[in-house]
Undergrad: 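Sharing a structure below in structure tokens format, with a few things to ask.
All heavy atoms count here, side chains included; hydrogens, waters and symmetry mates do not. Below, chain A is the first sequence line, B the second, and so on; all start at residue 1. Predicted model only: the values in this text are computed from it and were never measured.
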2 protein chains.
Amino acid sequence: MLTLSTYITTMMFVAKKHGYHHGDLRRAFLEEAVRVISRKGVDALTLRSVGERLGVSRTAMYRHFADKSALLAAVAAEGFRMLRLQLLDAWERHGRSGDAFAEMGRAYVRFAVANPAHYRVMFGGRVEAHGDPDLAREGAGAFQVLVDAIIALQKNGTARAENPLRFAQVIWATVHGVAMLAIDGLLERQQTDADTLVRFANEQIRISMSV
Amino acid sequence: MLTLSTYITTMMFVAKKHGYHHGDLRRAFLEEAVRVISRKGVDALTLRSVGERLGVSRTAMYRHFADKSALLAAVAAEGFRMLRLQLLDAWERHGRSGDAFAEMGRAYVRFAVANPAHYRVMFGGRVEAHGDPDLAREGAGAFQVLVDAIIALQKNGTARAENPLRFAQVIWATVHGVAMLAIDGLLERQQTDADTLVRFANEQIRISMSV
DNA sequence: ACCTGAACACCGTTCAAGT
DNA sequence: ACCTGAACACCGTTCAAGT
């Protein structure tokens with residue numbers, strides 16, 4: 001009887017999982033963290049205030065994340081997943097062509113500007129892909145979209161033969177640098193907007209790949 | 001008499017300034033901060049442990065820096081100053097030529113790899129140039145070396161006519177991205193070393209500038 | 001002028017306890 | 001299974017006091 005009642009109680013809680021206090025508390029923590037980071041910076045993120053905002057105890061998070069850095073790693077992993085999908089969408093929707101490749105570059109910078117909180121956590125050096133397997137997988141997946149696109153361009157003769165990994169690294173470095181300049185507000189000071197700069201960068205990339 | 005004795009006491013302390021407790025305490029704080037950051041990361045930096053390490057109270061720092069972020073801003077400003085000097089040295093020592101420009105790129109990445117603590121503070125998004133005038137000036141100074149070099153290459157016909165600021169932004173973005181890949185250890189995972197990648201990036205840059 | 005120690009208002013994390 | 005409140009060991013910063 002005791003075992004049965006425990007079982008029933010447990011099942012009730014499990015059944016309530018997607019309707020518990022805040023529905024999906026894990027997701028609520030993730031979203032609130034992103035909200036705080038984008039508005040006040042990573043350093044302003046405290047578990048206590050997030051918990052209070054969500055109306056749960058300040059230790060409730062530990063049911064869903066090992067610690068604070070695991071929460072940040074989850075934000076980063078989610079960012080890489082979104083980035084991968086948006087890059088893939090730009091590449092495919094524009095016909096996997098040289099122009100589509102340029103659109104990927106624009107999509108990359110657009111992602112960073114639209115999601116600075118995710119982007120800063122992804123590349124701010126706070127979380128290391130080393131530690132979180134999920135994060136490492138998502139990061140590698142986003143990079144692979146770029147590598148695959150380069151290989152496709154080489155196959156149809158748009159890009160010259162060269163180690164595609166090396167192309168990918170330099171191109172990623174370039175758009176990443178443009179994205180950083182954009183979200184750090186360094187372009188505003190120089191009266192340049194991010195999309196203009198990434199278009200210019202795309203032109204430079206096109207030249208250096210086709211020669 | 002009171003005024004005179006106060007004056008004398010003050011002068012004694014001022015005279016001792018460069019021989020006080022640790023000679024230059026401001027410099028000692030700066031160096032110890034860099035040491036801690038490079039060994040354990042920015043998040044591991046605590047004023048209390050730095051003070052303890054230097055044998056002073058944990059509030060002694062406030063005589064030399066407004067707060068912790070001012071200390072980090074000073075680290076970043078020092079980093080930009082070192083970077084500017086090393087870029088300028090590479091450019092001038094190699095004869096202000098196209099090759100010298102490539103050597104600047106290599107010097108940039110070498111700086112980041114040799115001084116990852118400074119580099120992370122400079123670009124990690126913790127300090128904003130917006131707030132610290134000294135930091136803003138040093139950052140702009142380092143960037144100007146790149147702009148000036150591009151203008152020189154355009155004057156002697158090595159680089160094509162184009163807004164030098166735009167060239168500078170994309171090129172900076174590229175070498176910065178390579179530097180980030182290098183110090184985040186993402187290249188090791190792909191069996192590429194930083195200098196090989198920056199040499200490849202330099203070749204891409206040379207092509208795109210000369211066409 | 002420069003440094004100190006105590007105090008204040010925080011923080012992440014642990015843990016026994018509740019349902 | 002999931003959540004709680006109290007407790008622990010920190011942290012940056014302020015401030016009256018010393019020399």
Undergrad: Send over the distance from Asp43(A) CG to dG12(D) C1', rounded to a whole Å.
TA: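 Going from CG in Asp43(A) over to C1' in dG12(D) covers 12 Å.
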
Undergrad: Whole angstroms only, please: what is the CG-P distance between Asp24(B) and dC2(C)?
TA: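 That distance rounds to 11 Å.
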
Undergrad: Return no unless some side-chain N or O of His64(A) is found under 4.0 Å from OP1 or OP2 of dC3(D).
TA: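 Result: yes.
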
Undergrad: Could you check how far CG of Leu71(A) sits from C1' of dG12(C), rounded to whole Å?
TA: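 Going from Leu71(A) (CG) to dG12(C) (C1'), I get 12 Å.
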
Undergrad: If you apply the rule side chain to side chain contact (heavy atoms under 4.5 Å, CB included), what do you find for Tyr108(B) with Leu146(B), and how did you get there?
TA: CA-CA 11 Å; Tyr108(B) 186 103; Leu146(B) 180 58; over 6 Å; no

Undergrad: Both distances under 3.5 Å, Watson-Crick or G-U wobble: report the partner of dC11(C), or none.
TA: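 Result: none.
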
Undergrad: Could you give the CZ-to-C1' distance, from Arg58(B) to dA9(D), as a whole number of Å?
TA: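 Distance check: Arg58(B) CZ to dA9(D) C1' gives 13 Å.
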
Undergrad: Rounded to whole Å, how long is the line connecting atom CG of Leu47(B) with atom P of dC11(C)?
TA: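 So the two atoms are 17 Å apart, to the nearest Å.
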
Undergrad: Using 4.0 Å as the upper bound for N to carboxylate O, is an ion pair formed by Arg27(A) and Glu78(A)?
TA: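 Salt bridge flag = yes for Arg27(A) with Glu78(A).
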
Undergrad: With side chain to side chain contact (heavy atoms under 4.5 Å, CB included) as the test, would you mind laying out the steps for Ile150(B) and Phe101(B) before giving the verdict?
TA: CA-CA 8 Å; Ile150(B) 290 167; Phe101(B) 193 74; 3.7 Å; yes

Undergrad: Salt bridge or not between Arg199(B) and Glu203(B)? Use side-chain N to carboxylate O under 4.0 Å.
TA: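 Here Arg199(B) does not pair with Glu203(B) in a salt bridge, since their nearest N and O are not under 4.0 Å apart.
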
Undergrad: Whole angstroms only, please: what is the CZ-P distance between Phe65(B) and dC2(C)?
TA: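 These atoms are roughly 13 Å apart.
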
Undergrad: Start at the 5' end of DNA chain C and walk down; is the nucleotide closest to Arg63(A) or to Thr46(A) reached first?
TA: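 Closer to the 5' end of DNA chain C: Thr46(A).
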
Undergrad: dG12(D) base to Arg48(B) side chain: any donor-acceptor pair below 3.5 Å?
TA: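 Yes.
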
Undergrad: Whole angstrom is fine here: how far is it from CG in Leu25(A) over to C1' in dA1(D)?
TA: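 Distance, rounded to whole Å: 13 Å.
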
Undergrad: Please determine whether a side-chain nitrogen of the Lys or Arg among Asp184(A) and Arg120(A) lies less than 4.0 Å from a carboxylate oxygen of the Asp or Glu.
TA: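 The answer is yes: the pair qualifies as a salt bridge.
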
Undergrad: Grab the CE-C1' distance between Met61(A) and dC11(C) for me, whole Å please.
TA: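 Spelled out: CE on Met61(A) to C1' on dC11(C) is 13 Å.
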
Undergrad: For dC2(C), give its Watson-Crick or G-U wobble partner with both distances under 3.5 Å, or none.
TA: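 Here dC2(C) is engaged in a pair, and the nucleotide opposite it is dG18(D).
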
Undergrad: With the side chain of Tyr62(A) defined as its heavy atoms from C-beta on, choose the nearest nucleotide among dT13(D), dG12(C), dT4(D).
TA: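 Among the listed nucleotides, the one closest to the side chain of Tyr62(A) is dG12(C).
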
Undergrad: Measure from the side chain of Thr59(A), starting at C-beta and using heavy atoms only, and say which of dT13(D), dG5(C), dC15(C) lies closest.
TA: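 So the side chain of Thr59(A) is nearest to dC15(C).
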
